[in-house]
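Every number for a ligand or one of its atoms is a count from 1 in the order of the listing. Here, residue 1 is the first one in the sequence, and each next residue gets the next number. Every heavy atom of this structure was used, including side-chain atoms; hydrogens, water molecules and symmetry mates were not.
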Amino acid sequence: MKKRGQTQQFDKASFKASVKKHLVTTYAQNIETASDKHWYLAVGKALAEISTGNLLETEKRIANAQTRSVNYFSLEFLIGRLTGNNLISLGLYEQISEAVTELGFQLTDLLEQERDPALGNGGLGRLAACFMDSLAAQEFPSVGYGLHYQYGLFQQSFLNGHQIEFPDAWREAEGYPWEVQRPELNQFVGLYGDVSSYTDDEGQQHRRWNPAVTLQGIAWDLPIIGYQNQSVFPLRLWECRAPVPFNLAKFNDGDYVGAQQTQIAAGNVTKILYPNDNHDQGKVLRLTQQYFHCACSIADIICRHLKNGHEINSLSKFEAIQLNDTHPTIAIPELMRVLLDDHQLSWDDAWAIVSKIFAYTNHTLLPEALETWSEALIGELLPRHLEIIFEINHRLMVQVEAKWPGNNEIKRKLSIIAEGQSRMVRMANLCVASTYAVNGVAALHSELVKRDLFPEFDELFPGRLQNVTNGITPRRWLKYCNPQLSALISEKIGTEWPAHLEQLEAIAQFATNTQFQQRFAEIKKQNKQRFADWVAENLDIELDTNAIFDVQIKRLHEYKRQHLNLLHILSLYHRLLNDPTFDMHPRVFIFAAKAAPGYALAKDIIYAINKVADKVNNDPRLNGKLKVVFVPDYRVSLAEIIIPAADVSEQISTAGKEASGTGNMKLALNGALTIGTMDGANVEIREEVGDDNIFIFGLLVDDVEKLKSEGYNPHTYYEQDSLLKASIDLLDNNEFDATDCAAFSNIRHNLLEGGDPYLVLADFADYVNAHNCIDAEYRDQTQWVKKTILNTALVGKFSSDRSIRDYVNNIWHLTALPK
Ligand SMILES: [N-]=[N+]=N[C@]1([C@H](N)O)O[C@H](CO)[C@@H](O)[C@H](O)[C@H]1O
């Protein structure tokens, strides 16, 4: 019996039976005594029966269609919990909820049992997950290639305000119900060793790599279920094991550790996700992870291509490979190696394929994030690949010489090899020189990539550098996380909008409709209450839902300027205690952010915010006007309850630093008003929602450069702005911290003597003004709610379905699978 929007055949009785079967046979649990966790696992397993079947079906349809596929290479996929989202995509949420109730449980309680597969750091990883969902929703043949990390992004908790990290064993002892092993797809990967030459029968010279170590790649598939269309595409994650995990001879000799040595070493390769966001981590294990990922994925693509009866020469005709940042760049010399050495193609024939199959997305301009690997390290780990990189660079330098004869400066800048103490391989240059398309992730960012990062490459390869503005999937980030708002929208404009987000524009006509305003505002209030209940239960802090919920949720990084937000809070604290005339609408500042474990100042900022929170939340002099909440262990499932509850979205990065941002899109879609700089996608959000419905402040990109080039002195601002001075001085008088922890003075030092590299002081006054506007405008709820409705209505552009259509039309050139 099919219901509206349900594409999946569903029989409640057999589903309930399947759940009970898995509870007993898969998890060995008694129906009478099984825990919520085991019921969740059994429900997941029962549903995975559907998706795995559709996965194999879809594979057949793609093979029969003889059509092009895109392979999305990413070291991160921040997929979040799958069960709830997959029920939305299967169109079975209500039915399963009913069935689970008949089994004696609340579906929402069981969904809470699922651990977040946190296989990513932040925006880049989450974008990859949203993109896979949008490829499946539009039935574009696609495979996501990632790593099956045993430990995801560390779990964060606070000890006396300090961040402490715990390993994230995301897969329960019982495993993850949605994943399925594909042993027939396992691969072998070499490492280290040397390269030798040989002459073939025709007298042709060839090179051969003789790896010293062999690893095995175990294929795990996670289903990417298309939104209400029967298609399921794989997110293929590679786990690393030793081909011979146990050496019995050594064991018999009593060398128990030795017996497992190879397995231990192999297991380390996919043991854990590197926890850095926007920061290059030059560790050999990280390069080994990147190569293992690329070698398994390239081998899998070629197997599939040949299995579908195609010649190797037509590889780039049927396959496109998108490199999600430079992390999988080594895939380029890897494919060259396979084509040259395993398929004996000439250099030109191999290059003709490689240069037409790869495209690269740049996600940051931060110099410290641009990956470089020492030539020595690559030469040791991947000797054949270094040879190929040298040849690619040689041929690039020939092109550069032709374009700019005798210009060694440009040669030095564009060279893939950076001279110096130790010669380094620039992965971004290798990407730009070897791919047919290079894109930034927001209009402003892509302009800066052209103007500041790769101006010469833009001239050398006209048209190669382009833009594809990021997006978010409306399935998870509205339909799933904000069911009440979704129901109100569907009531007004029908139910097609989750697959056609531009239809939301029709909601704008209700922006001044009183009755609609009331319902819209009531839903925000209820979402705020849901989050307030979560905070009360988990953090023991009482929140007033009449207050403005002001949200800054993203990784902790100086360029994202959580410390500017903190300074504003200190200014409010100062004014509330020192200015009897100062009256503000109650405000709750909500933070959530993980700092990379090695990023000391970021950890100091977390500590300072926690200490300020302890003080202001328990200071009766503030009459509850000011509250600060730092929610620990930020992750996708937390974002899903914070975002619908937000009134204000903090997007306050220094102009030119945040490539795009995607949290900004999620918050605006859920009716939060943005306070932000003209940076990343904020610029395009402003274009879509209009000047009246956003609070823009601060220096523009060119102002930032001008101020820096003229010599920026933060003391000038400190001396001239009394409120700024008072706020900064609160960082140093033990107002908030009786311990001798240097966190507060480290922050103060960074902002003054340290030169304030992210111009916090220069933007402070304008930021305070923008917040004053928010305070004033929030008091006129009719106007405020109108603006929130217009934000939800006018950000349809930021659906990742639109981003994917841009990639398909401008870069990948795919055809959707025929029905
Ligand atoms: N790495 N990286 N880059 C980022 C994010 N931090 O993950 O990629 C995200 C996805 O493109 C961007 O939205 C964000 O601005 C950028 O900083």
Worksheet entry | Residues Ser446 and Gln466: side-chain donor-acceptor under 3.5 angstrom |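 No - no donor-acceptor pair under 3.5 Å links their side chains.
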
Worksheet entry | Modelled atom types, side-chain donor and acceptor of Asn121 and Glu76, under 3.5 Å |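 There is such a pair (donor and acceptor under 3.5 Å, judged by atom type) between the side chains of Asn121 and Glu76.
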
Worksheet item: Do His385 and Tyr291 have ring centres separated by under 6.0 Å?
Response: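 Yes, they do, as the ring centres are separated by less than 6.0 Å.
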
Item to complete: Just need the protein heavy atom nearest to atom 1 (N) of ligand 1, so name the residue and atom and give the distance.
Response: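 Closest protein heavy atom to atom 1 (N) of ligand 1: Asn278 OD1, 3.7 Å.
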
Discussion item. Checking a contact table here: which protein heavy atom is nearest atom 4 (C) of ligand 1, and how many Å away?
Written reply: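 Here the nearest protein heavy atom works out to His363 O, 3.8 Å.
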
Practice prompt. With heavy atoms only and a cut-off of under 4.0 Å, state how Asn121 meets ligand 1: side chain, backbone, both or neither.
Written response: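 Asn121 to ligand 1: no contact under 4.0 Å from either part.
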
Regarding [X] and the six-membered ring of [Y], is the cationic atom NZ or CZ under 6.0 Å from the ring centre and inside 45° of its axis?
X      : Y      : value
Arg426 : Trp373 : no
Arg475 : Tyr227 : yes
Lys594 : Phe154 : yes

Worksheet entry | Trace of the side-chain hydrogen bond (donor to acceptor under 3.5 Å, both in side chains) decision for Ser69 with Asn71 | CA-CA 7 Å; Ser69 290; Asn71 304 279; over 6 Å; no

Practice prompt. Check if Gly661 has a non-hydrogen atom at a distance under 4.0 Å from any atom of ligand 1.
Written response: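 Gly661: in contact with ligand 1 (<4.0 Å).
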
Sub-3.5 Å N/O-N/O distance, [X] and ligand 1:
X      : result
Thr364 : no
Leu124 : yes
Ala659 : yes
Asp277 : yes
Lys560 : no

Discussion item. As an exercise, identify every atom of ligand 1 less than 4.0 angstrom from a heavy atom of Glu658.
Written reply: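 Answer for ligand 1: 14 (C), 15 (O), 16 (C), 17 (O).
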
Worksheet item: Which ligand 1 atoms does Tyr559 reach within 4.0 Å, using its non-hydrogen atoms?
Response: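 In order of number, 17 (O).
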
Worksheet entry | Qualifying residue for side-chain contact (heavy atoms from CB on, under 4.5 Å) with Gln138, from Ile804, Leu814, Val808 |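 Exactly one option meets the side-chain contact (heavy atoms from CB on, under 4.5 Å) with Gln138, and it is Ile804.
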
